[in-house]
Amino acid sequence: MPAKSLEQVRNLCMRRGFVFPGSAAYGGVASFWDYGPLGVELLNNVKKAWWQDAVYARDDMDGLDAAVLMSRKVWQHSGHEATFNDPLVDNKKTKKRYRLDHLLEAQTHEVRAALYEATGSEDVVGLVHALMGQPGNAPMQLHSAQVIDPANGEQGDWTEPRQFNLMFQSHVGPVSAAQGTDEEKAARVYLRPETAQGIFMNFAHVQRSLARKVPFGIAQIGKAFRNEITPGNFIFRTREFEQMEIEFFIKPPQFVAEGEKNDEQWHEEWVQQRYRWWLRYATPPSAGNVEMEETESRFRKRAQAADELAHYAKATTDIEYLFPGALGWGEIEGVANRTDFDLSAHSKDVPEEDLKRLKLEVNKDSNEKFDYFDPDAKARYIPWVIEPSAGATRALLTFLCEAYHEELVKEPTKQEIDQIRSDAAMIRKNAEKKVKEARKDIEAGKEPKHQPDKVEAFLAQLEDVVARLPASLDEVLLALDHEGAQNLEPVKKFRPPTEKFMEDCTRTVLRLHPALAPIKLAVFPLKKNKPEIVELAKSIKQKFQKHFRTVYDDSAGIGRLYRRQDEIGTPYCITVDFESLEDGTVTVRERDTMAQERVAIDDLHDYLLPRLEL
RNA sequence: GCGGGUGUAGCUCAGUGGUAGAGCAUCACGUUGCCAACGUGAUGGUCGUGGGUUCGAGUCCCAUCACCCGCUCCA
């Protein structure tokens with residue numbers, strides 16, 4: 001079974017050096033994370049596996065690394081400056097949040113009329129402008145016009161509308177001018193909210209310099225930045241993240257010849273290719289058929305509904321992963337059919353009918369027309385584009401969650417199981433008393449110490465877990481993390497011995513695909529105060545560290561050394577013992593099966609390389 | 001941004017106004033012959049931060065920051 005909660009993965013990440021909170025010494029800063037020694041290895045391996053599949057394995061793909069900062073005009077014509085910039089307003093009563101323009105449009109004619117009169121504006125756009133233009137007044141005006149919350153049909157208690165510009169701003173060169181002045185705007189740049197636009201800017205460069213024929217694609221891996229309104233879920237949604245994006249340029253439908261793939265078929269092909277990639281790297285070689293099916297059941301393809309589609313897309317299929325706990329299904333990649341929207345948006349001299357079809361304005365800023373002469377079709381056109389866009393940092397989280405296993409390695413005795421049962425019974429008895437007290441307090445109008453519903457929900461979960469013992473052993477501690485378990489005395493008493501017990505009889509193992517594993521090989525001496533063994537072990541480590549990440553460790557007993565490597569997903573460990581000194585063989589131990597095999601030191605390279613799938 | 005929760009040693013947590021603790025981890029010495037061994041000793045905390053109440057605050061109050069759980073985002 002993979003991780004049961006994001007918390008488990010978070011803990012492991014921070015303890016073992018995958019991910020650390022950013023700027024921690026200063027109390028941290030929301031939504032920014034640093035990748036530690038193991039995290040950077042894993043992330044690099046994820047990117048390498050993607051590049052391998054997206055670029056090297058194909059005849060029709062090339063790489064690119066465009067600048068993070070681009071002309072502000074890129075974002076004006078791509079549509080981001082307009083659509084990534086929404087004034088939002090909250091209803092304090094219902095906790096609902098609305099885009100101000102959407103909220104206003106949902107009001108009755110009378111309500112809007114009152115607002116028009118109060119602000120002297122004539123339409124919703126003007127109204128939004130007016131409300132944003134007078135800080136402090138808006139809540140009062142929304143109140144006196146009796147603006148309704150569509151969620152419940154009642155008048156809302158509205159906050160100040162706030163601007164959420166999803167793009168981070170900076171300036172090129174020294175600027176002292178105030179925000180919004182011409183001087184400031186002229187120097188303004190945005191940190192890219194997607195890497196895609198850098199590819200579009202280079203479509204013609206790549207096509208010409210490599211004499212590429214459509215269909216062909218460009219791949220890019222890089223950081224992107226979005227000032228998200230609601231970051232969270234560890235590294236799932238962060239304000240700085242890394243994307244792995246492909247723009248695959250194809251013929252527009254009207255030029256597709258008999259027997260060639262059209263845009264919908266190319267879209268489908270990329271969905272399939274990308275989906276297979278996710279499954280391949282989510283599955284370790286040790287997985288059997290049952291396990292492979294289980295893994296597959298946690299990945300799905302989902303076509304976006306028409307109202308979900310972004311302004312540029314004709315169709316988008318998301319690839320989603322079932323993350324543990326509350327996060328649930330989350331998007332890890334979107335494969336979009338962006339038509340000729342982007343290249344047209346950045347082109348001059350686009351025919352009027354195309355502008356109309358794409359809902360674009362004439363581009364007077366661009367010096368370029370991103371079109372292409374197709375020698376087969378004998379026609380000049382602006383290509384369509386299929387965009388498979390994956391999150392590299394989300395991929396890291398996905399593979400960690402899927403690889404995380406807590407395995408039972410020592411069968412607990414009946415006595416130990418009974419102990420847990422009786423402890424749980426004690427917790428139940430005490431908690432039921434607390435529930436009664438809380439109910440009494442509520443009746444008497446007093447503030448209860450516990451929330452009866454939550455405590456009962458906790459008890460139900462605990463009972464379920466206990467009933468399924470010993471199979472559910474790994475869920476016992478999770479149950480104790482339940483909201484309703486807070487401040488229950490017996491729970492606090494119960495936790496430490498249970499934690500200790502769990503540690504004794506389980507091992508944590510990251511069953512990562514070997515190509516992703518941050519460390520490929522660990523070498524141990526069986527006995528660290530025998531100099532010959534230590535020396536031999538170190539020399540083996542030195543031999544392999546030139547080829548892939550290899551570590552040496554002698555700081556604990558052999559069992560503990562194995563466990564430490566299991567926890568970070570190292571696929572193979574080598575132990576040098578007394579026999580090694582005599583016959584030149586060592587023990588190779590595999591991570592998932594814990595199987596051991598005797599291999600001659602001279603054969604190690606040939607033994608390991610195919611197994612590591614490098 | 002709003003509501004709820006949390007913040008004490010590197011990690012997991014205990015500590016309900018009166019001398020800051022445990023387990024694990026780390027380091028040293030001894031022991032240890034293949035799956036989280038053991039003994040002895042040591043290091044490590046201005047209790048998230050800043051104010052306040054008090055003779056006295058980890059504990060009570062206020063503010064602030066971060067994280068977790070929930071609300072139109074989307075890699």
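Letters A, B, ... are given to chains in the order of the sequence lines, protein chains preceding strands, and every chain is numbered from 1.
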Exercise. Just to confirm, is there a sub-4.0 Å distance from OP1 or OP2 of U12(B) to any side-chain nitrogen or oxygen of Asn11(A)?
Worked result: yes

For this session: Could you work out the separation of A57(B) and G18(B) based on their P atoms and round it to a whole Å?
Result: 11 Å

Exercise. Quick check: are there more than 12 heavy atoms from other residues, nucleotides or ligands sitting under 6.0 Å from CD of Gln272(A)?
Worked result: yes

For this session: Mind calculating the distance between CG (Asn227(A)) and P (G1(B)) to the nearest angstrom?
Result: 11 Å

For this session: Identify, with sequence neighbours excluded, every residue that meets side-chain contact (heavy atoms from CB on, under 4.5 Å) alongside Arg300(A).
Result: Arg302(A), Glu320(A), Trp329(A)

Exercise. How many Å lie between CD1 on Ile533(A) and C1' on G33(B), as a whole number?
Worked result: 8 Å

For this session: Could you check whether Glu331(A) gets within reach of a base, just the sugar-phosphate, or nothing at all, counting any heavy atom under 4.0 Å?
Result: base

For this session: Describe the nucleic acid contact of Thr506(A) in one word from base, sugar-phosphate, nothing, applying a heavy-atom distance below 4.0 Å.
Result: base

Exercise. Tell me: CG of Asp553(A) to C1' of C34(B), nearest whole Å?
Worked result: 15 Å

For this session: Side chain of Thr508(A) only, please: which of C74(B), A36(B), U32(B) is the nearest?
Result: A36(B)

Exercise. Of all of residues 561-579 of chain A, which get a heavy atom below 4.0 angstrom from RNA chain B, listed by number?
Worked result: Tyr562(A), Arg563(A), Arg564(A), Thr575(A), Asp577(A), Phe578(A)

Exercise. Which of the following nucleotides, A75(B), C34(B), C68(B), is nearest to the side chain of Leu526(A)?
Worked result: C34(B)

Problem set entry | Check ion pair Glu407(A)-Arg507(A) (N to O, under 4.0 angstrom) | yes

Exercise. Once you round it to whole Å, what is the distance between C1' of A75(B) and CG of Leu191(A)?
Worked result: 16 Å

Seminar exercise, completed: When rounded to whole Å, the NZ to C1' distance for the pair Lys530(A) and G33(B) reads 11 Å

For this session: Consider the side chain of Phe234(A), meaning its heavy atoms from C-beta on, and name the nucleotide among C68(B), C34(B), A75(B) that approaches it most closely.
Result: C68(B)

Exercise. When the C1' atoms of U53(B) and A36(B) are considered, how many whole Å apart are they?
Worked result: 49 Å

Exercise. What about Gln596(A): does its side chain form a donor-acceptor pair under 3.5 Å with the base of C34(B)?
Worked result: yes

Exercise. Of the nucleotides C67(B), A25(B), C73(B), which has the atom closest to the Arg560(A) side chain?
Worked result: A25(B)

